[in-house]
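Order of listing sets the numbers, starting from 1, for every ligand and every atom in it. Counting from 1, the numbers follow the sequence of the chain as shown.
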Amino acid sequence: MGQEDQEVLIRGGKATSTSAESLNNNNEQPYEQSSINQGFCKNYGTLSPPSPALTADNLTYSWYNLDVFGAVHQPGSSWKQLVNRVKGVFCNERHIPAPRKHLLKNDSGVAYPGELLAVMGSSGAGKTTLLNASAFRSSKGVQISPSTIRMLNGHPVDAKEMQARCAYVQQDDLFIGSLTAREHLIFQAMVRMPRHMTQKQKVQRVDQVIQDLSLGKCQNTLIGVPGRVKGLSGGERKRLAFASEALTDPPLLICDEPTSGLDSFMAHSVVQVLKKLSQKGKTVILTIHQPSSELFELFDKILLMAEGRVAFLGTPGEAVDFFSYIGATCPTNYTPADFYVQVLAVVPGREVESRDRVAKICDNFAVGKVSREMEQNFQKLVKSNGFGKEDENEYTYKASWFMQFRAVLWRSWLSVLKEPLLVKVRLLQTTMVAVLIGLIFLGQQLTQVGVMNINGAIFLFLTNMTFQNSFATITVFTTELPVFMRETRSRLYRCDTYFLGKTIAELPLFLVVPFLFTAIAYPLIGLRPGVDHFFTALALVTLVANVSTSFGYLISCACSSTSMALSVGPPVIIPFLLFGGFFLNSGSVPVYFKWLSYLSWFRYANEGLLINQWADVKPGEITCTLSNTTCPSSGEVILETLNFSASDLPFDFIGLALLIVGFRISAYIALTMRARRKE
Ligand SMILES: Nc1ncnc2c1ncn2[C@@H]1O[C@H](COP(=O)(O)OP(=O)(O)OP(=O)(O)O)[C@@H](O)[C@H]1O
């Protein structure tokens with residue numbers, strides 16, 4: 001809506017109210033003075049709960065002086081900031097703090113049990129920021145003033161308690177796409193529901209929730225990945241997100257734009273679900289864009305936001321009075337929600353006037369009854385020092401360590417079986433590459449040329465195992481990490497149970513892939529015959545597959561995105577590859593890079609495989625067919641030329657095993673640090 005439309009709307013209001021132009025024309029009627037004075041008398045908005053009966057399970061959520069700041073990115077400022085910091089430290093100069101954007105300005109509000117509170121406002125008004133701050137889920141770079149107080153039933157609440165008692169349905173749904181809706185809910189029940197409940201009771205609750213949210217028809221449908229794997233519809237995904245939260249019957253439910261991307265029918269059904277929950281005594285807060293009149297009628301209270309401030313909090317009926325009073329009566333051909341949002345919008349091109357109008361409306365509300373009551377409540381609380389603290393243990397994980405581990409293991413195993421990238425594609429890819437390498441190096445003989453070819457084929461074994469496994473891990477693991485981050489922040493499971501469950505579930509695959517590869521390529525190439533030689537090679541290739549997987553986990557956990565992990569992976573692998581003894585003789589590694597060569601799994605595995613191949617090749621077994629080149633007389637000579645010693649084979653196994661452990665521990669530490677950081 002443009003400024004003109006906005007003015008027409010406000011002038012339209014003037015026909016029935018008194019001073020529409022007071023919003024725009026300060027000369028004719030000094031708006032601020034007259035409105036503010038009247039605001040004290042009119043008492044628009046309300047703080048009163050819908051039903052006075054509060055049980056122990058009901059939660060009144062209130063927030064006072066919610067002051068939120070966001071980082072402002074200034075192009076080219078990082079260098080200046082660094083210089084500024086260095087000067088501050090070394091030259092005793094005053095450190096100039098980085099500029100910050102004031103996202104929420106001393107907002108206060110309250111949501112009662114049995115109430116459906118809709119937060120509305122134009123885009124950028126601060127709705128999501130308010131919800132994130134309320135649920136203690138503010139994003140990286142967002143700072144909340146220490147004077148802010150968030151309370152449950154009058155007790156200041158901390159992040160741990162809030163995350164345990166409040167269900168937060170975020171705008172973007174995050175699921176493991178390879179599970180069905182029912183499998184997803186069973187997993188959620190396993191980690192969310194109290195540990196004293198049996199598995200049977202949890203499954204019964206899942207069935208109940210599926211019925212309540214009308215998910216019966218799609219319960220066995222794959223959730224899917226938008227744009228990649230077809231699965232649930234947008235509405236079904238939204239309802240599934242609610243279903244996950246509804247399993248525990250949370251007393252406080254916060255939903256960020258639950259209707260975004262849905263048609264009006266779907267939007268209505270989603271809000272109906274929320275309304276039903278509120279009627280059962282839950283406290284429900286949601287943000288919504290452009291609700292239809294029908295939807296608007298379902299809201300018990302509305303909170304209007306503009307420019308990071310509260311412009312109104314009260315019932316829809318009181319909103320009509322408030323806006324009429326300030327001279328902005330809703331015309332009959334407008335839905336009230338659209339009208340309020342438009343009046344509170346900042347119009348491009350006329351920002352100063354719009355902001356002035358918004359400021360006046362917010363000021364008017366700030367001196368009204370609601371704000372004053374809120375202030376009084378807050379003062380009372382401070383005076384009575386009512387910052388009571390409840391038992392922290394109550395807000396710990398719902399499931400025991402073992403239950404969490406079992407649930408993660410079960411879900412990871414299901415996704416291993418169902419994720420095509422992990423199983424079908426990998427097995428097909430492995431077979432094809434093994435056959436190709438086998439055909440290229442088919443039936444090598446123990447000749448001068450054969451020795452060169454066999455050494456090349458062995459190194460190719462390692463290169464293929466490394467790249468195939470590390471990149472498969474990076475691709476699959478990094479796409480699942482956002483789900484992990486959200487679930488671990490909701491305290492569904494611990495970092496260690498996830499990491500352990502996930503890696504154990506994937507282990508069989510990382511045993512099958514090297515087996516398949518070795519079983520096909522080893523005999524085709526004609527490597528050293530004998531069961532013991534085959535199994536030694538298989539053990540080494542399996543260890544390499546698992547070192548690469550562990551390395552893939554480490555890179556995935558240390559990098560912030562899939563694309564970053566995929567770009568960081570190859571340059572880090574290349575130095576390890578160079579120290580493998582194929583491109584650079586292991587005796588020629590510069591002293592200053594020796595330490596790096598000890599971290600090279602290529603070196604251990606190449607040495608091990610070459611020892612396995614050549615150690616027992618006796619003098620005379622190698623046929624010298626070319627007279628103009630040197631011919632290695634025995635396998636021992638080949639190993640000596642490469643600077644490898646047959647006695648080092650056990651150390652190669654130990655080296656590979658230590659690398660697996662080392663990379664996994666590092667990956668776990670990186671994951672824990674990431675889980676602690678804000679995303
Ligand atoms: N981390 C951040 N750092 C800096 N500014 C931010 C940050 N997060 C949000 N903002 C800014 O704060 C303002 C409010 O953002 P918010 O996402 O809360 O708006 P909204 O009302 O939810 O909008 P929409 O309806 O479009 O989602 C916007 O101007 C946004 O650019």
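Under the side chain to side chain donor-acceptor pair (under 3.5 Å) test applied with Thr562, the options Thr478, Thr479, Thr475 reduce to a single match, Thr478.
The contact set between ligand 1 and His289, taken as ligand atoms under 4.0 Å from a residue heavy atom, comprises 24 (P), 25 (O).
Closest to atom 30 (C) of ligand 1 among all protein heavy atoms lies Lys101 NZ, 4.1 Å. Among protein heavy atoms, the minimum distance from atom 5 (N) of ligand 1 is reached at Leu103 CD2, 3.7 Å. Given atom 26 (O) of ligand 1, the protein heavy atom at minimum distance is Ser123 OG, 2.5 Å. In terms of protein heavy atoms, atom 4 (C) of ligand 1 is closest to Ala71 O, 3.3 Å. The single protein non-hydrogen atom nearest to atom 15 (O) of ligand 1 is Thr129 OG1, 3.6 Å, given as residue, atom name and distance.
Within the 4.0 Å heavy-atom shell around ligand 1 one finds Glu257. The closest approach between any non-hydrogen atom of Met305 and ligand 1 is not below 4.0 Å. Note on ligand 1: Gly121 sits outside its first shell, no heavy atom being nearer than 4.0 Å. Using a 4.0 Å heavy-atom cutoff, Ser122 is listed among the residues neighbouring ligand 1.
Residues Phe296 and Pro316 form a side-chain contact, since some pair of their non-hydrogen atoms from C-beta on lies under 4.5 Å apart. You'll find the side chain of Gln170 stays beyond 4.5 Å of the side chain of Cys255, heavy atoms only.
In this structure, Phe477 has its ring center closer than 6.0 angstrom to the ring center of Tyr553.
At a heavy-atom distance under 4.0 Å, only side-chain atoms of Val142, from C-beta outward, approach ligand 1.
Of the polar atoms of Leu130, none of the N or O atoms is found under 3.5 Å from an N or O of ligand 1, judged by distance alone.
Taking a 6.0 Å sphere around CD of Gln272, one finds it holds more than 12 heavy atoms contributed by other residues, nucleotides or ligands. More than 12 non-hydrogen atoms from other residues, nucleotides or ligands lie less than 6.0 angstrom from CD of Gln279.
Both cation-pi conditions hold for Arg150 and Phe136: the charged atom is under 6.0 angstrom from the six-membered ring centre and inside a 45 degree cone around its axis.
Between Asp107 and Arg309 there is no salt bridge, since no side-chain nitrogen of the basic residue lies less than 4.0 Å from a carboxylate oxygen of the acidic one.
In this comparison of Val119, Asp256, Val68, Thr128, the heavy atom closest to atom 17 (O) of ligand 1 sits on Thr128. The closest non-hydrogen atom to atom 19 (O) of ligand 1, taken over Ser260, Ala306, Gly124, comes from Gly124.
Taking the six-membered ring where the residue is Trp, His102 and Phe69 present parallel rings, their angle staying beneath 30° rather than reaching 60°.
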